[in-house]
Q: 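A single structure is presented below for examination.
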There are 2 protein chains.
Amino acid sequence: MKLSTKGRYGVTAMYDLAMHSGKGPISLKSVAERQLISEHYLEQLMGQLRKAGLVKSTRGAQGGYMLTKRPEEITVGDIVRVMEGPIAPVDCLLSENSSSCAKASRCVTRGVWQKVGESIAKVLDEITLADLCLEDQRINHQ
Amino acid sequence: MKLSTKGRYGVTAMYDLAMHSGKGPISLKSVAERQLISEHYLEQLMGQLRKAGLVKSTRGAQGGYMLTKRPEEITVGDIVRVMEGPIAPVDCLLSENSSSCAKASRCVTRGVWQKVGESIAKVLDEITLADLCLEDQRINHQ
DNA sequence: ACTTTTTCCGACGGATTTGCTAGTATAAGA
DNA sequence: TCTTATACTAGCAAATCCGTCGGAAAAAGT
């Protein structure tokens, strides 16, 4: 029931980009240094976020990454889904159709996992990057 | 963000025991057959639940497992904590003290994971094995 | 042109977890 | 006492996770 570092680092990096949004491309090197994440590993994660359309990149010197939308328009749920896949504590909640267990409609425990998944998604989808930036103001600059 | 089969099978097995509670020891073989779980693998999981005090076992012929408490007194959260460890999407939420990241008190994303963890725990701690048995009545015996 | 900075890409490797199997210990009943 | 049913324990193969490494491609400055 743990989030992998992919999800954690992904959110942290996107938060860092949000904190510097409007200042042109931000290099991964600077993100990695500020957030104490391996730069090479972070490259892999940003590749996923780029393919998913949450960030755009500029190659070459003075290049880096930028958000494709405003911080208010990107939720933590968006990021976690890209990094970790669908938010569902068990696989049988996906693919209503075929491969799931035959007695899904009569499965008692399934209801439990469904409630858990919905509860997680609700929390993650209500928090935007802008919220995190505000929180930073509150916590770190009193 | 997935539950492993440990948690899933653990809850399913405990639910099966609850469905047969009051009928003496239930053999793992019968649980495994009804719930389509590998019997030997299930033994491992029940060992953890036994050490945690949620079930008691009787060895030898006619032996098996029984709940140590009434189904109303055991929540899904109890079982998941035994099988998967503390309900926390990231480790830095545990051990407030030393090993966690130095800037925990000023970490913005930490608040997100804390909310997620609390949300999951709330769902799991509100559902008891008795609730699952009632749900079975409703779904499978109309 | 050349150098530097940066993103991009693929492969590899150690550590951990997962899901399962084989074999042993224990107790009940014939 | 012997057989059989059952809990218990140790270990193992495959997958996943969490990075590392080496380099190629692109853009900017000199």
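Each chain gets a letter, A, B and so on, in the order its sequence line appears, and its residues count up from 1. Please read all numbers here as calculations on a predicted model, not as lab measurements.
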Q: Can you tell me how far CG of B:L129 sits from CG of B:L17, rounded to the nearest 0.5 angstrom?
A: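 Output value for this atom pair is 8.5 Å.
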
Q: Between A:A61 and B:K29, which has a closest nucleotide on DNA chain D that is more 5'?
A: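 By nearest-heavy-atom nucleotide position, the 5'-most residue is B:K29.
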
Q: Can you tell me the distance, in whole Å, between the CG atom of A:L42 and the P atom of C:dT6?
A: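 For the pair A:L42 CG and C:dT6 P, the rounded distance is 14 Å.
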
Q: Between A:R59 and A:Q44, which residue's closest nucleotide on DNA chain C lies nearer the 5′ terminus?
A: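 The residue mapped nearer the 5' terminus is A:R59.
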
Q: To the nearest 10 degrees, what angle separates the axes at the start and end of the helix from C:dA1-D:dT30 to C:dC12-D:dG19, five pairs each?
A: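 Roughly 10° between the end axes, to the nearest 10°.
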
Q: Looking at side-chain heavy atoms only, is the closest gap between B:R8 and A:T109 below 4.5 Å?
A: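 Of all side-chain heavy-atom pairs linking A:T109 with B:R8, none is under 4.5 Å.
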
Q: Does the side chain of A:Q114 come within less than 4.5 Å of A:V90's, by heavy atoms?
A: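 No; the side chains remain at least 4.5 Å from each other.
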
Q: Rounded to the Å, how far apart are A:Y65 OH and C:dT5 C1'?
A: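 From A:Y65 OH to C:dT5 C1': 14 Å.
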
Q: When you list every nucleotide of DNA chain D with an atom under 4.0 Å from a heavy atom of chain A, which one comes first 5' to 3', and which comes last?
A: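 The contact span of chain A on DNA chain D goes from D:dC18 to D:dA28.
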
Q: Should A:R50 be listed as having a side-chain N or O under 4.0 Å from OP1 or OP2 of C:dC8?
A: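 Yes.
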
Q: Whole Å only: how far is the NE2 atom of A:H40 from the P atom of C:dT6?
A: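 About 13 Å, once rounded to whole Å.
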
Q: In whole Å, measure the gap between the P atoms of D:dC18 and C:dG19 for me.
A: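 Their P atoms lie roughly 16 Å apart.
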
Q: According to a strict under-4.0 Å criterion, is A:S57 in side-chain N/O contact with OP1 or OP2 of C:dC8?
A: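 For C:dC8, OP1/OP2 do have a side-chain N/O of A:S57 under 4.0 Å.
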
Q: Count the heavy atoms belonging to other residues, nucleotides or ligands that lie under 6.0 Å from NZ of B:K115, then report whether that count exceeds 12.
A: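 Open: at most 12 neighbouring heavy atoms sit under 6.0 Å from NZ of B:K115.
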
Q: Under 4.5 Å between any side-chain heavy atoms of A:V116 and A:M1, yes or no?
A: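 Side-chain contact under 4.5 Å: yes.
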
Q: For A:L45 and C:dC8, what is the distance between atoms CG and C1' respectively, to the nearest whole Å?
A: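 Spelled out: CG on A:L45 to C1' on C:dC8 is 14 Å.
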
Q: Going by the side chain to side chain contact (heavy atoms under 4.5 Å, CB included) test, name the single residue among A:T75, A:L124, A:D125 that passes it with A:V80.
A: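 Option passing the side chain to side chain contact (heavy atoms under 4.5 Å, CB included) with A:V80: A:L124.
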
Q: Starting from P on C:dT18, measure out to NZ on A:K2 and report it in whole angstrom.
A: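 Spelled out: NZ on A:K2 to P on C:dT18 is 11 Å.
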
Q: Between B:V31 and B:Y65, does a side-chain contact (heavy atoms from CB on, under 4.5 Å) hold up when you go through it step by step?
A: CA-CA 10 Å; B:V31 174; B:Y65 287 88; over 6 Å; no

Q: May I have the distance from B:E43 (atom CD) to C:dG19 (atom C1'), rounded to whole angstrom?
A: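 Checked: the CD to C1' distance equals 14 Å.
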
Q: Taking C-beta and beyond as the side chain, do B:M14 and B:V55 meet within less than 4.5 Å on heavy atoms?
A: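 In contact.
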
Q: Would you indicate, yes or no, if C:dA22 has its OP1 or OP2 atom less than 4.0 angstrom from a side-chain nitrogen or oxygen of B:Y41?
A: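 Looking at the OP1 and OP2 atoms of C:dA22, neither is under 4.0 Å from any side-chain N or O of B:Y41.
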
Q: What I'd like to find out is whether the side chain of B:L132 reaches to under 4.5 Å of the side chain of A:V112, using heavy atoms alone.
A: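 Of all side-chain heavy-atom pairs linking A:V112 with B:L132, at least one is under 4.5 Å.
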
Q: Check the distance between C:dT17's C1' and B:M1's CE and give it to me in whole angstrom.
A: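 B:M1 atom CE is separated from C:dT17 atom C1' by 17 Å.
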
